[in-house]
Participant: 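Sharing a structure with you now.
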Number of protein chains: 2
Amino acid sequence: MDDIDRNIIALLVEDARRSYGDIGSHVSLSAPSVKRRVDALRRSGAIEGFTAVLDHSAMGDATEALVELFYAPGTLLDEVAERLASHPQVVEAWSVTGDADAVARVRTHGNLELERLIMELQRDGSVVRTRTVVVLSRLVSRRN
Amino acid sequence: MDDIDRNIIALLVEDARRSYGDIGSHVSLSAPSVKRRVDALRRSGAIEGFTAVLDHSAMGDATEALVELFYAPGTLLDEVAERLASHPQVVEAWSVTGDADAVARVRTHGNLELERLIMELQRDGSVVRTRTVVVLSRLVSRRN
DNA sequence: AGTGAAACCAGTCTCTC
DNA sequence: GAGAGACTGGTTTCACT
């Protein structure tokens, strides 16, 4: 992983559909060389894949929230992760320090669906309590 | 925006470097038709772009945290957004309901840089208080 | 909105350095 | 590790439906 690799990654973060030749002209390398490096970066796991960046508000998912989750003592993380992942509205979730045990970032069509989701999360065994903050607006959103 | 568009979007979220022909064979459309739909989805803003998904822990950014920010009354959101965006470690930030005014998701090389970042955020005018939870592990991470 | 044909461009492989 | 060249396959435009 050298500066050229980091440069290639930056170019692919900016636009994942760039051609190898185009990337090569930015980093002074031929297309095959760029392909070899990108293949290596994917194999090493530094690049996990390529995805489309969506405008969810333009697609009906207008409500975002952070749900803090409090679990009963002795609850297993894998179990928690599995239950959270089973809800398609849970976009991201982390196990955290602090008074809550985990935080889930969720996206729903509106407050009604958010309310229903929170109740479902509370019914998923071992959840003792939740505390939700609703996202009013997105202040920063970096592509990486 | 019909079911075919939603299908095309799902395929591009899964792999943004898929060819139009490949997408077409999944949605029973020719490559040129798929291209026109993708162009339209980009123009409408539903698709904001295409990016590489990185493994940040494999690249030295091992520490993630959520920093709750409390601002002085009357602080302007645009100002807050600009100041947060000026720190490259701030990956995402939202204005939220609840007792905190905003939450920033940050990524640093380690606890030392996190500590320094929190102190810098506190020095950015109008910040009255911060409260930080450190991410212990990633439980769910959906690509969308 | 869609298709198929055609020209053009990009991806990928092998070989050589 | 990198480039050149050749082959394969993808992208894009156009005429047509």
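Note on naming: letters A, B, ... go to the chains in the order of the sequence lines (proteins, then strands), and numbering restarts at 1 for each one.
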Participant: Output the rounded distance in Å from CZ (Arg17(B)) to P (dG11(C)).
Facilitator: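 Going from CZ in Arg17(B) over to P in dG11(C) covers 6 Å.
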Participant: Check Ala65(A) against Thr132(A) and note the closest heavy-atom contact, atom names and distance.
Facilitator: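 Reported closest heavy-atom pair: CB-CG2, 3.9 Å.
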Participant: Between Arg143(B) and Val53(B), which heavy-atom pair has the shortest distance, and what is it?
Facilitator: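 Looking at all heavy atoms of both residues, the shortest contact is NE-CG2, 3.9 Å.
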Participant: State plainly whether one hydrophobic cluster holds both Val134(A) and Leu139(A), where clusters connect Ile, Leu, Val, Met, Phe, Trp and Tyr through side-chain heavy atoms under 4.5 angstrom apart.
Facilitator: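 No, Val134(A) does not connect to Leu139(A) through the hydrophobic network.
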Participant: For DNA chain C, which residues of residues 24-46 of chain A approach it to below 4.0 angstrom with any heavy atom?
Facilitator: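 Pro32(A), Lys35(A) - these, ordered by number, are the residues of the stretch whose heavy atoms sit under 4.0 Å from the strand.
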Participant: Is it the case that over 12 heavy atoms from other parts of the model lie below 6.0 angstrom from the CD atom of Glu120(A)?
Facilitator: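 Yes, because the 6.0 Å sphere around CD of Glu120(A) holds more than 12 heavy atoms from other groups.
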Participant: Cation-pi check, Arg17(B) to Tyr20(A): give yes when NZ or CZ is under 6.0 Å from the six-membered ring centre and within 45° of the ring axis, no otherwise.
Facilitator: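 So Arg17(B) does make the cation-pi contact.
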Participant: Measure from CD1 on Ile23(A) to P on dT12(C) and round the result to the nearest Å.
Facilitator: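 From Ile23(A) CD1 to dT12(C) P: 11 Å.
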Participant: Return the value, rounded to whole Å, for the distance between atom CG of Asp22(A) and atom P of dA10(C).
Facilitator: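 Whole-Å distance recorded here is 8 Å.
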Participant: What's the shortest heavy-atom distance between Ala16(A) and Ala52(B), and which atoms?
Facilitator: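 Shortest heavy-atom contact: CB-N, 4.0 Å.
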Participant: Could you tell me how far apart Tyr20(A) (OH) and dG10(D) (P) are, to the nearest whole angstrom?
Facilitator: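 After rounding, the gap between these two atoms is 13 Å.
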